[in-house]
Amino acid sequence: MPDSDQANALFEAQDMVRGNILLKGWVNSPDNFWLIDLLGMAVLLTVIPAPVTVLHVLPALWWGGIVAVACCLAKGGTRSQSWLCLLPVMAFIAVVPLYEQAALAFITYTPYHIGTMFVALLGIMAAGRVLDGTGGKGAQSCLFGLAGIIFISDPFAVCCFVMPACLVSLWRVWTGSNPAGGVRCFVLLVLAGVVAMAIKAGIRMEGGFHSLHALAHFQPLPDLPQHLLFSLMSVLDLFGVNFWGRTIAGHANHNALTDMVRLLPFAFITVYVWRYARTRLGEIRQSRSFSGDDPVSDILVLGLIMDAVAASTLNFYIPGEDIIRYFLPVLLFMPIVYARSGKVKGTSGVFLGAIVCSLLACLLTWYPRPDQEDIDPYQVGHQLDVRPLVAILRQQHLTQGYTDYWHGLLTTFVSGGAVRLRAITVNTDVSSLPPGTCALEVRPWLSQRDWYLPRSLQGSERIFFLAYLQSPQNDEHLSQASVIKNLGTPDQVVPVDEELSLLVYNRQRVLPCNALFEWEKKK
C-alpha cells in the first residue's frame, strides 16, 4: 500500500498530465520533487495508466540509473581500470535492494530522494569534468542544469553534492591546482542557485506550487547518544551488514547470513574512505592541494561526511526507520570512492564472494509474502490499510470529511477520488484564539488549496470526521474528544475499528469553524 506522501505525489503527477505543469494551487514540502519524481511520474502515467504500478516502476528505474552512473564513476577513477572496479558497486548498490533490508527497502519508495541521488551522481560526474578541464561546454551545461534541478526540486542534495563541489572548487582556486576549473565550477553552481531561486519566485507569482519550510534543529544533548547509536545501526542496515538481533537463517528480510558475508568488504571500504580523508587532511597541513588528481572522489568523501554528520546530529522530527533516507549518500558514495581507488583488484575475490553468497542467500530464503503482510512491511506507521474504511464510507454514503494527515490523502486515493478526506490539526495555542473559537484548522502540508474552500463541501449535507477514540500520542492524530470539544455532540457516530470512529455532522454545523477554510492564514 502507498502512504499519503505517495498519494499526494500521484495526485500532483496526474494534475501535471492534465496540463497543470506549474501545479497551481498545490502546497508542498521543502523537497517538492517537481522536476524529479513528479515529472517522472507524469511521464510514466502517459504510458502506464495504473498509478500504483507507477509507484513501483519509477524507483526501480531510478535505482537502475543510479547503478549505471555509479559504474561510470567507478570506471572513471585510476587509469586503465579493470572491470573488477565494478564489484563494490554491484555488491553494495545493485544487489542490496534485492535482499529487502528494512531500511534499504524503505528508501526505495518514491518520492524518497532516490531520483534526487540519481541527479546528484550525474551532477558529481559533470562537476569532475569541469574541475579537471576535460568536459567542455557540454559538461558545464549539464552541471548548471543538474544543480538547478536540485535547487528547485530537492534541497537534500545541496548538502551532499552542491556544497562539497563548491568547497573542492574553492580549494582548487586557493591552492592554485587548476584554478580556472575551480572558478568555473563554483560560478556555475552559484549561478544555478540564483536562477533556481528566480524560477521558484516566478512560479509563485504565477500561482504555481508553494513550498513550505521545515526547519531542522540539533538533537537535544540527552537524546544524542541514543540517536547516534540508531544512526550507526541505520548505516549498517543500509549496507546490508546489520545482523544484530536477526536469526542466523530465515526469510530473506530476516536473515543474518548475507549480512555477515558483506561485513568484510564493508570493512575494506570503510577503512579506505577513512584513510582517504586522513591523507587529504595531512596534505592540507602541509599546504598541498586537497583536491589532488581526483576531484570526484574528494566531492564524494566530503559529501558522505557532511551528510553523515548532519543526519547524526540534527533532529528532523522523523521517527523510526524514516531517518534512513538521510544516510542514502553514505551508501552510494562509499563504494564508488573505493571502486575509484584502484585497490579493488587485490580484494576482488572477497567482493565477488559477497555478491554470489548474497544472491544465493536471497534465492534460498525467498518466499512470497501474503497480501496482508505487505501493508506496512517495515513498520514505519505510514502504510495503512484503509480499504475497510473506504467500504464503510461507501456504505454510509459519506464523501466529504476531515482527519489526520496519514489517513487523509491515502483514503482519497484508495477510494478513487470518490471520498475527499482532508488533513487537519488542532490549534493547541489557546491564548492565540478568542474565547469560543473553533480550534480545528487546516493542515496545509502536501495538499491542494481548493480542497479546503467552503464551496468544496457543496452537495454534501453530511460531513464526517475520522478520529481516534483515545487521545493521540502526538499532534499528527485527530482525537474524538478534540472534535466534540469544538463542534459539539455529533449527529451520528459510526465505529470503524477498535481505534477509530466517524463523527458525522450536518454541513451547517461545520461551516462556522472558520479555521477549516482560512487557508491564507496558513501560508
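Everything numeric in this text was worked out from a predicted model, so none of it was measured.
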- Message: Please check this pair: side chain of Gln6 against backbone of Asp3, looking for a donor-acceptor N/O pair closer than 3.5 Å.
- Response: yes
- With the side chain counted from C-beta on, respond yes when Gln14 and Pro51 share a heavy-atom pair under 4.5 Å apart, and no when they do not. yes
- Would you name the heavy atoms of Ala308 and Val330 that are closest together and state the gap between them? CB-CG2, 4.1 Å
- Query: What's the verdict on side-chain contact (heavy atoms from CB on, under 4.5 Å) for Val414 and Arg387, showing C-alpha distance, side-chain angles and the deciding distance?
  - Reply: CA-CA 7 Å; Val414 173; Arg387 290 172 293 185; 4.0 Å; yes
- Results of side-chain contact (heavy atoms from CB on, under 4.5 Å) for Ser141 - residues two or more places apart only: none
- Task: Kindly state each residue pair satisfying side-chain hydrogen bond (donor to acceptor under 3.5 Å, both in side chains) with at least one member in residues 190-202, sequence neighbours excluded.
- Result: none
- Test side-chain hydrogen bond (donor to acceptor under 3.5 Å, both in side chains) on Ser456 and Arg422 and set out the steps. CA-CA 11 Å; Ser456 67; Arg422 308 155 183 83; 3.3 Å; yes
- Sorted by chain and residue number, the ring pair (Phe, Tyr, Trp, His ring centres under 6.0 Å) partners of Phe118 (sequence neighbours excluded) come out as Trp62
- Message: Testing the 3.5 Å rule here: is there a donor-acceptor pair between the side chains of Asn28 and Glu12?
- Response: yes
All N/O donor-acceptor pairs, side-chain side in residues 149-156, below 3.5 Å, sequence neighbours left out:
{"from": "Ser153", "atom 1": "OG", "to": "Leu35", "atom 2": "N", "distance (Å)": "3.0"}
{"from": "Ser153", "atom 1": "OG", "to": "Ile149", "atom 2": "O", "distance (Å)": "3.2"}
{"from": "Asp154", "atom 1": "OD1", "to": "Phe156", "atom 2": "N", "distance (Å)": "3.1"}
{"from": "Asp154", "atom 1": "OD2", "to": "His113", "atom 2": "ND1", "distance (Å)": "2.7"}
{"from": "Asp154", "atom 1": "OD2", "to": "Thr116", "atom 2": "OG1", "distance (Å)": "2.5"}

- Going from CE on Met334 to CD1 on Ile305, what distance comes out if it is rounded to the nearest 0.5 angstrom? 9.5 Å
- Who pairs with Met16 by side-chain contact (heavy atoms from CB on, under 4.5 Å), at least two apart in sequence or on another chain? Leu23, Trp34, Leu38, Leu39, Ala42
- Query: Phe464: what forms a ring pair (Phe, Tyr, Trp, His ring centres under 6.0 Å) with it, not counting sequence neighbours?
  - Reply: none
- Item | Non-neighbouring partners of Arg507 that pass salt bridge (charged side-chain N to carboxylate O under 4.0 Å, His left out), sequence neighbours left out | Glu461
- Audit row: Asn506, Ile463, side-chain contact (heavy atoms from CB on, under 4.5 Å) steps and yes/no: CA-CA 6 Å; Asn506 183 274; Ile463 310 301; over 6 Å; no
- Gln508, CD atom: more than 12 neighbouring heavy atoms under 6.0 Å: yes
- Task: Keeping the roles fixed (side chain from Thr412, backbone from Leu421), state whether a donor-acceptor pair exists under 3.5 Å.
- Result: yes
- side-chain contact (heavy atoms from CB on, under 4.5 Å) between Trp26 and Asn32, intermediate numbers included: CA-CA 10 Å; Trp26 286 91; Asn32 55 74; over 6 Å; no
- Compare every heavy atom of Leu478 with every heavy atom of Phe465, then report the nearest pair and how far apart it is. CD2-CD2, 4.4 Å
- Message: Regarding Ser415 and Arg420, do their side chains bring together a donor and an acceptor under 3.5 Å, going by distance alone?
- Response: no
- Asp5 and Tyr112 side chains, donor-acceptor separation under 3.5 Å: yes
- Message: Under the rule for side chain to side chain donor-acceptor pair (under 3.5 Å), what residues qualify as partners of Arg462, not counting sequence neighbours?
- Response: Gln492
- With the side chain counted from C-beta on, respond yes when His56 and Thr53 share a heavy-atom pair under 4.5 Å apart, and no when they do not. no
- Task: Please list, chain by chain and in numerical order, all residues satisfying salt bridge (charged side-chain N to carboxylate O under 4.0 Å, His left out) with Asp31, sequence neighbours excluded.
- Result: none
- Item | Side-chain donor-acceptor pair present, Ser501, Gln480, cut-off under 3.5 Å | yes
- Query: Taking atom types as modelled and ignoring hydrogens, do the side chains of Ser231 and Ser234 form a donor-acceptor contact shorter than 3.5 angstrom?
  - Reply: no
- Task: Mind checking the CG-CD1 spacing from Leu398 to Ile392? Nearest 0.5 Å is all I need.
- Result: 10.0 Å
- Message: Nearest 0.5 Å, please: how far is CG in Leu121 from CZ in Phe333?
- Response: 5.5 Å
- Only counting residues at least two apart or in another chain, list the ones meeting side-chain contact (heavy atoms from CB on, under 4.5 Å) with Leu61. Leu44, Val57
- Nearest-0.5 Å distance that lies between atom OG1 in Thr403 and atom OH in Tyr468: 7.5 Å
- Item | Gap between atom CE of Met117 and atom CH2 of Trp63 - 0.5 Å precision | 9.5 Å
- Task: Heavy atoms only: give me the nearest Ile93-Val67 pair and the separation to one decimal.
- Result: CG2-CG2, 3.9 Å
- Considering non-hydrogen atoms only, spot the tightest contact between His227 and Leu314 and give its length. NE2-O, 3.8 Å
- Message: side-chain contact (heavy atoms from CB on, under 4.5 Å), that's the test. Do Phe92 and Phe239 meet it? Break it down for me.
- Response: CA-CA 6 Å; Phe92 286 111; Phe239 278 93; 3.7 Å; yes
- Query: Taking C-beta and beyond as the side chain, do Leu328 and Ile114 meet within less than 4.5 Å on heavy atoms?
  - Reply: yes
- Message: Less than 4.5 Å apart, side chain to side chain, heavy atoms only: is that true for Ile484 and Pro490?
- Response: yes
- Query: Do any N or O atoms from the side chain of Ser4 and from the backbone of Tyr405 form a donor-acceptor pair under 3.5 angstrom?
  - Reply: yes
- Query: Closest heavy-atom contact between Leu224 and Ser312?
  - Reply: CD1-O, 3.8 Å
- Item | Heavy-atom side-chain contact between Met125 and Val69 under 4.5 Å | yes
- For Arg509 and Asp491, run salt bridge (Lys or Arg N to Asp or Glu O under 4.0 Å): C-alpha distance rounded to whole Å, both residues' side-chain angles, the deciding distance at 0.1 Å, then the answer. CA-CA 10 Å; Arg509 297 180 62 186; Asp491 300 328; 2.7 Å; yes
- Is any side-chain heavy atom of Leu55 less than 4.5 Å from a side-chain heavy atom of Met41? yes
- Is there any salt bridge (Lys or Arg N to Asp or Glu O under 4.0 Å) pair reaching into residues 16-30, and which pairs are they, with sequence neighbours excluded? Asp15-Arg18
- Item | Distance, nearest 0.5 Å, that separates CG of Leu22 from CG of Asn20 | 7.0 Å
- Message: Is any side-chain heavy atom of Tyr452 closer than 4.5 Å to one of Leu516?
- Response: no
- Locate the shortest heavy-atom distance separating Leu440 from Ser482; write the atom from each residue and the value. CD2-O, 4.3 Å
- Item | Set of side-chain contact (heavy atoms from CB on, under 4.5 Å) partners for Met306, sequence neighbours left out | Cys159, Met163, Pro164, Leu167
- Test item: Leu453 and Phe517 side chains (from C-beta on) under 4.5 Å apart, heavy atoms: no
